[in-house]
**Student:** 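Please find one structure pasted underneath; my questions will follow.
Computed from a predicted structure; not experimentally measured. In what follows, chains carry the letters A, B, and so on, assigned in the order in which the sequence lines appear, proteins first and then strands, with residues in each chain numbered from 1.
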Amino acid sequence: MKILRLYMKEDSKVKPTPAEEPKVNKKEIIEINLKEEANLSTDDDDDKLVIKDEPSSQDEADEPIQADVSAASSCDYNLSHFKKNESVFSENEESESQTEIKVEVKEEEDSDEDMPLCNRSKLSARVSSNKRKLEDDDDEEDDDIPLAARKKPKIEKKIKKEKKKKRSFDDEEEEEDFKPEKKPKVKKEKDKKKIKKEVSQPESPVKGGRKKKEEEEVEVWKWWEEEKKDEGVKWKFLEHKGPVFAPPYEPLPKSVKFKYNGKVVELSPEAEEVAGFYGKMLDHDYTTKDVFNKNFFKDWRKVMNEEERELITDLQKCDFNQMNAYYKEVSEKNKNRSKEEKKELKEKNEALIKEYGFCIIDGHKEKIGNFRLEPPGLFRGRGEHPKMGKLKKRLNAEDIIINCSQDSNIPKPPSGHKWKEVRHSNTVTWLASWTENVQNQVKYIMLNPSSKLKGEKDWQKYENARRLHKCINKIRDDYQKDWKSKEMKIRQRAVAMYFIDKLALRAGNEKDEDQADTVGCCSLRVEHIELHEKKDDKEYVVVFDFLGKDSIRYYNEVPVEKRVFKNLTLFMENKKGGDDLFDRLNTMILNKHLSDLMPNLTAKVFRTYNASWTLQQQLDKLTNEDDSEAEKILSYNRANRAVAILCNHQRSVPKGHEKSMEKLKEKIDSKRDAIKDAERQVKDAVREAKHGSVKEKFVADKKKKLLQRLKEQLAKLEIQETDRDENKTIALGTSKLNYLDPRISVAWCKKYDVPIEKIYNKTQRDKFRWAIDMAGPEYRF
DNA sequence: ACCCGGACTTGCTTACAGCATA
DNA sequence: TATGCTGTAAGCAAGTCCGGGT
């Protein structure tokens, strides 16, 4: 792998700064800083921020980087796949700096366990208060504004948005080829025949429960044994039935009244439907939020008729209680449906899936991921989303673009309707798409993860990550050197890469004003980190505290290399809390650089790489050949958990966790009692047996066996207990599904003789079929 | 060189089926 | 037989990244 290092000239252009606070040219800042440095740093020549050409390399405190995966309190594995003995960082000697970072999974005042994660502990909005050790200037005026409310001045954004909106309005329909294409009739026949043959799976006779389902599964063909040829073409033939529309609105019974200002008001169906969306959610936290209510009310009024609009002017005066009660009643009724009804419904649903849930792609029948269009409703953004509560409109055929083969049976729109467009683009993988009206984003109907299309990509992803392994040393070396670059941009880039590599941070694209204020690496702001020269007997600690994807809080105290620390100090100089930490960097620049280092390398690959690598290391470390199966699985889960912690995958404490824990404890206690009892019995029996006959001996043996079994059961329960408790705020699913090379798990299962079903459930096995097939016990990531 | 939208992956929550248990 | 629990799938929001147009 050839690695290009670009030492470019300091770019002449200075990033435009917000108008109100004329900022110093970055170059100047460096220089200023250097002067200061020169003055200050008398003793520790260790870390001059060199700007001259030759970097002062020798006396680097070249410490190896450690992945920070230490667990939250309870579990104490201390992994570090970066450790030198793992040979990843072989060039870096010494340094025992055991990094021990607490991933403090929100521990404030026990209170809010039941809320969705993003609503919890609104992140110490005061993260960046004056505690800063290395006092930069003191102008942090917006410390008291909650994070989400802080705005970066972005005027052009507004204009952009306007434009967007306009576009979405006036690009009404422009009809297109909706009549089935006649021309390739012959080919069609042929194709169809072929498909028929492939598709008509042996119809499984109904053989009760599970079995039946298994057999009805889509055919699995070993695409991974086929030769790969890409060229951007995703398929040759694609046929499907089109999406399933949301069921039409059924007006409420007349007895369900809506009241305004205490008086019953009869709503038009349109207004009623939308009111119903709100009424249904009355118990939800959302309806207590200002933004939500405002947005809802505004959009609701839009669908009202003149009269209604005139009358209903204040949400406070609206009474949705009857609607709420009605919906509750309905769902109650649904729960109590009779067996027959349930069965009927199920059959109907299965028939629907059978008809619409599959497509034919290149001669194979494959499951579609989401063949149902999203029903109308109120938008529920996560975190402090400015658009929460807006009305998500009902979709019609006129909104939908169909994508399929020209020579396939083109799906029919509902009678009286026309598709927005039918296109035949085989360079994309979606079957249908539409533009959602709240965020103005395209949404898609795509294939299930078990499909070839998805599987192949998944496989590629992990191969790519494995490729990174081959040059990770070089890359790490490189960015460590770049910490001393004389160019600000490169320094920032290098520090960002370090974060991404070490902490598995996301890239952090820029976001629009009209989205929740969350950040990733490149979009970190000064207010999101705190620097401590010393914290709890650790040196050079960076405290991260910000809201990441889905407004999940990321909190981490990380000891870093001195040079990184100094650089951060430098980056924060003369900035306010709301300013970008890496003002010379964005994801594009970063990814551009990464792709120069290795083809197809992007920020996200590091996450995949580090996750999978961590899993492998952990599995190696935690698994004992002669553990019981349950113990091995616990080890696996622990390894999995380490990854989840690394990637900050959280979840809200499941409802009734407390209760279920208690129950488990009870069970354990009673098991213990049983064991005591059994022990006593065994003792007695043994005594009897000593001078007894064969029969007594037999009894004693039996009792012993029973005791043994009880003990095993107890052990299992205890394992379950720790496992469950350690897991309460950590979500394993995401990493399992998206970050861990399944071949590692498969290999582990094969090596230690654990049935794959214990690790992957049915869906997961489908998704990872390729890996199950591909990897032997010797596979290494 | 940047902006923007399109395409696709990632991530959390919710609803529900199916099972065990009382 | 009703009830409660648990694991799974569905749902959909929110990221990443790329490429085309200007």
**Student:** Verify the contact: side-chain N or O of A:Tyr739 to OP1 or OP2 of B:dG11, cut-off strictly under 4.0 Å; return yes or no.
**Tutor:** yes
**Student:** Can you measure A:Gln764 atom CD to C:dA10 atom C1' for me and round it to whole angstrom units?
**Tutor:** 14 Å
**Student:** Is any side-chain nitrogen or oxygen of A:Ser551 closer than 4.0 Å to OP1 or OP2 of C:dA14?
**Tutor:** no
**Student:** If the cut-off is 4.0 Å, is A:Lys443 near the phosphate of C:dG11, judged by side-chain N/O to OP1 or OP2?
**Tutor:** no
**Student:** Is it true that the NZ or CZ of A:Lys280 lies under 6.0 Å from the centre of A:Tyr327's six-membered ring and within 45 degrees of the ring axis?
**Tutor:** yes
**Student:** Look at the side chain of A:Ile552 and decide which nucleotide, out of B:dC12, C:dG15, C:dA13, has an atom nearest to it.
**Tutor:** B:dC12
**Student:** Please classify the nucleic acid contact of A:Lys736 as base, sugar-phosphate, or nothing, using heavy-atom distances under 4.0 Å.
**Tutor:** nothing
**Student:** Which nucleotide, B:dC4, B:dC8, C:dC12, lies nearest any side-chain atom of A:Arg382?
**Tutor:** C:dC12
**Student:** Given B:dG18, B:dG11, B:dA7, identify the nucleotide with an atom nearest to the side chain of A:Lys346.
**Tutor:** B:dG18
**Student:** With sugar-phosphate meaning primed atoms plus P, OP1 and OP2, does A:Pro375 contact a base, only sugar-phosphate, or nothing at under 4.0 Å between heavy atoms?
**Tutor:** sugar-phosphate
**Student:** Below the 4.0 Å mark, does B:dA7 have OP1 or OP2 next to a side-chain nitrogen or oxygen of A:Thr429?
**Tutor:** no
**Student:** Quick one: label A:Gly508 by what it contacts on the DNA or RNA (base, sugar-phosphate, nothing), any heavy atom closer than 4.0 Å.
**Tutor:** sugar-phosphate
**Student:** From the options C:dT16, B:dC8, C:dG15, select the nucleotide whose nearest atom is closest to the side chain of A:Lys234.
**Tutor:** B:dC8
**Student:** Between A:Lys454 and B:dT9, does any side-chain N or O lie under 4.0 Å from OP1 or OP2?
**Tutor:** yes
**Student:** Heavy atoms from C-beta onward define the side chain here; which of B:dG11, B:dA7, C:dC17 lies closest to that of A:Asn509?
**Tutor:** C:dC17
**Student:** Indicate whether OP1 or OP2 belonging to B:dA7 is found under 4.0 Å from a side-chain N or O atom of A:Ser433.
**Tutor:** no
**Student:** Considering only B:dA7, C:dC18, B:dT10, which nucleotide approaches the side chain of A:Lys549 most closely?
**Tutor:** B:dT10
**Student:** Just to be sure I understand the rule, does A:Ala516 reach a base, reach only the sugar-phosphate, or reach nothing, if contact means heavy atoms closer than 4.0 Å?
**Tutor:** nothing
**Student:** Can you see if the side chain of A:Lys457 gets near the phosphate of B:dA7 - specifically, an N or O under 4.0 Å from OP1 or OP2?
**Tutor:** no
**Student:** Measure from the side-chain heavy atoms of A:Arg506 and tell me the nearest of C:dT16, B:dT10, C:dC18.
**Tutor:** C:dT16
**Student:** Do the side-chain N or O atoms of A:Lys604 get closer than 4.0 angstrom to the phosphate oxygens (OP1, OP2) of B:dT10?
**Tutor:** yes
**Student:** Give one of base, sugar-phosphate or nothing for A:Thr587, where a contact means two heavy atoms less than 4.0 Å apart.
**Tutor:** nothing
**Student:** So, does A:Lys392 get its side chain near the phosphate of C:dA13, meaning an N or O under 4.0 Å from OP1 or OP2?
**Tutor:** yes
**Student:** Check this one for me: any side-chain N or O of A:Asn761 less than 4.0 Å away from OP1 or OP2 of C:dG7?
**Tutor:** no
**Student:** Heavy atoms under 4.0 Å, any strand shown: does A:Lys342 hit a base, just sugar-phosphate, or nothing?
**Tutor:** nothing
**Student:** Taking OP1 and OP2 of C:dA10, is either one under 4.0 Å from a side-chain nitrogen or oxygen of A:Asn370?
**Tutor:** no
**Student:** Indicate whether OP1 or OP2 belonging to B:dT10 is found under 4.0 Å from a side-chain N or O atom of A:Lys461.
**Tutor:** yes
**Student:** Give a yes or no on whether a salt bridge exists between A:Glu374 and A:Lys443, defined as a side-chain N under 4.0 angstrom from a carboxylate O.
**Tutor:** yes
**Student:** State which of C:dA13, B:dG11, B:dA7 makes the closest approach to the side chain of A:Glu374.
**Tutor:** C:dA13
**Student:** Checking all strands, does A:Phe379 fall into the base, sugar-phosphate, or nothing category for heavy-atom contacts under 4.0 angstrom?
**Tutor:** sugar-phosphate
**Student:** Phosphate oxygens OP1/OP2 of C:dA14: is one of them under 4.0 Å from a side-chain N or O of A:His385?
**Tutor:** yes
